[in-house]
There are 2 protein chains.
Amino acid sequence: MSNSCSDEGKIVYRLYEISKQTSPKFERCTGISQSRLDLLTKLFEVDEISQTELQKEVNIDHAAVTRHLKQLEEKGMVTRRKNPADNRFMFVRLTDEGRTSISAYQDEKQRFISKVLNGFNEEERSLLLNMLTRIQDNVSNIDPND
Amino acid sequence: MSNSCSDEGKIVYRLYEISKQTSPKFERCTGISQSRLDLLTKLFEVDEISQTELQKEVNIDHAAVTRHLKQLEEKGMVTRRKNPADNRFMFVRLTDEGRTSISAYQDEKQRFISKVLNGFNEEERSLLLNMLTRIQDNVSNIDPND
DNA sequence: GGTCAATCATTGACCCGTCAACTAATATAA
DNA sequence: TTATATTAGTTGACGGGTCAATGATTGACC
């Protein structure tokens, strides 16, 4: 139990370190941030989608989504239009240009991912994914008012 | 191999999700950010230390360390003084008040960590820690110019 | 039909991080 | 000893995130 306790802190700390070290490298390797590519990938999978619906698929809040999309619009990667049937909704879709440039990012991302998991065989990957999923469940069940 | 490839992306994405979901909850549960508590914990373990030496122990850059410490100084958690023997160095140390308030944070942190790893037995923890360490190694070996 | 509530998007204030430029102090070496 | 390099710390510009307040639009209900 004493070992288990001392490992506990290390695991959570390691997760924290990994994320802090991975984010900047991901961005340098692929040329885009994880969040933004995540956003674009969701857009890639659909034709047109409302911002809130998009937001629910992604780990960032409304405000950040709005700002990302405004910047992406300026860059000509996406277009936005109001839902004619309900003007509260903003529909977003990739431009053709945006759609083609994503695949380059995706390729870089795939190369990056392979490096991160270098040396892990199939069994280990599945084990790891399973554990991470359990951790994610635990985290989502944590209630700050406790 | 196809399974392995599809899992690859999920693992890295899960790591990304976990960190994004954990950080805000950690802060709400413990009342302090992971980075700041990390900084304070290092300070707790020593008597007096220079800022660069402190920075090397932590995953944040010089600028952020400076800003953290200035804020902590305003709150009365730390004191700073120049090294009389070399005025380039800024020595930092916890105040008595800072030293006592850390232990409360540490307790909350420990409770938080236990929740995150709920349901993991000792063997799993050690396996997981091992895998995460390998991933961290892989990440640190990634060269953006490649 | 008009008021009230709910929903989507936007904005502002703030926190935290990086990078790059800068200042100040010290070390080095011609 | 004086010019140059190095080192520690600070600051400004910026990117990106959250939360809370606001505005606009629509739905629901008396």
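Everything numeric here is computed off the predicted structure, so don't read it as measured data. Labels below follow one simple rule: chain letters A, B, ... track the order of the sequence lines, proteins then strands, and each chain is numbered from 1.
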**Fill in**
Whole-Å distance, B:Q34 CD to C:dC15 P, equals 18 Å
**Request:** Establish whether A:F89 and A:V46 are linked, either directly or via other cluster members, by ILVMFWY side-chain heavy-atom contacts under 4.5 Å.
**Result:** no
**Item:** Smallest separation among heavy atoms of B:G9 and A:I113, with atom names
**Value:** CA-CD1, 3.8 Å
**Message:** Please give the remaining members of the hydrophobic cluster of A:M90, linking ILVMFWY side chains under 4.5 Å, ordered by chain and number.
**Reply:** none
**Request:** Answer yes or no: is there a side-chain heavy-atom contact under 4.5 Å between B:T79 and B:V92?
**Result:** no
**Request:** Is it possible for you to check whether A:R80 lies under 6.0 Å from the centre of the six-membered ring of A:F91, through NZ or CZ, and within 45° of that ring's axis?
**Result:** no
**Prompt:** Taking A:K25 for the side chain and B:S140 for the main chain, is one N or O donor matched with an acceptor at less than 3.5 Å?
**Reply:** yes
**Asked** Are any side-chain N or O atoms of B:T66 and backbone N or O atoms of B:H62, one a donor and one an acceptor, separated by less than 3.5 Å?
**Response** yes
**Request:** May I ask you to evaluate whether B:R36 reaches the phosphate of C:dC16, defined as a side-chain N or O under 4.0 Å from OP1 or OP2?
**Result:** yes
**Item:** Side-chain ion pair, B:E108 and B:R111, N-O less than 4.0 Å
**Value:** yes
**Request:** Measure from CG on B:L72 to P on C:dC15 and round the result to the nearest Å.
**Result:** 13 Å
**Fill in**
Under a 4.0 Å heavy-atom cutoff, the residues of residues 46-60 of chain B touching DNA chain D are B:Q51, B:T52
**Request:** Give the rounded distance in Å between these two atoms: CD of A:Q71 and P of C:dT10.
**Result:** 13 Å
**Prompt:** Whole-Å distance between C:dA9 P and A:H68 NE2?
**Reply:** 16 Å
**Message:** Whether A:T66 contacts C:dA9 is assessed here as follows: a side-chain N or O lying under 4.0 Å from the phosphate OP1 or OP2. Is that the case?
**Reply:** no
**Minimum-distance pair of heavy atoms, taken over all atoms of A:V65 and A:Q55** = CG2-CG, 3.7 Å
**Complete:** With a 4.0 Å cut-off (strictly under) to non-hydrogen atoms of chain A, the first and last hit nts on DNA chain D, 5' to 3', are D:dG16 to D:dT26
**Item:** B:F112: ring-ring contact (aromatic ring centres under 6.0 Å, His included) partners, not counting sequence neighbours
**Value:** B:F26
**Message:** Please determine whether salt bridge (charged side-chain N to carboxylate O under 4.0 Å, His left out) holds for the pair A:E17 and A:R14, giving the CA-CA distance in whole Å, both sets of side-chain angles, and the decisive distance to 0.1 Å.
**Reply:** CA-CA 5 Å; A:E17 285 180 316; A:R14 192 107 337 158; 3.7 Å; yes
**Prompt:** Quick check: does any side chain N or O of A:N141 sit under 3.5 Å from a backbone N or O of A:D137, one acting as donor and the other as acceptor?
**Reply:** yes
**Request:** May I ask you to list the residues of residues 17-24 of chain A, by number, that have any heavy atom positioned under 4.0 Å from an atom of DNA chain C?
**Result:** A:K20
**Item:** Counterpart base for D:dG12, defined by Watson-Crick or G-U wobble contacts under 3.5 Å
**Value:** C:dC19
**Fill in**
When A:N83 and B:V65 are each assigned the nearest nucleotide of DNA chain D, the 5'-most assignment goes to B:V65
**Item:** A:S33 or A:K82, whichever maps to the more 5' nucleotide of DNA chain D
**Value:** A:S33
**Message:** Looking at B:E45, I want to see if its CD is surrounded by more than 12 non-hydrogen atoms of other residues, nucleotides or ligands under 6.0 Å.
**Reply:** yes
**Item:** Sub-4.0 Å heavy-atom contacts from residues 84-93 of chain B onto DNA chain D, ordered by number
**Value:** B:R88, B:F89, B:M90
**Asked** Can you get from A:I135 to A:Y16 by hopping between Ile, Leu, Val, Met, Phe, Trp and Tyr side chains that sit under 4.5 Å apart?
**Response** no
**DNA chain C: 5'-proximal contact among A:R28 and A:H62 (nearest heavy atom)** = A:H62
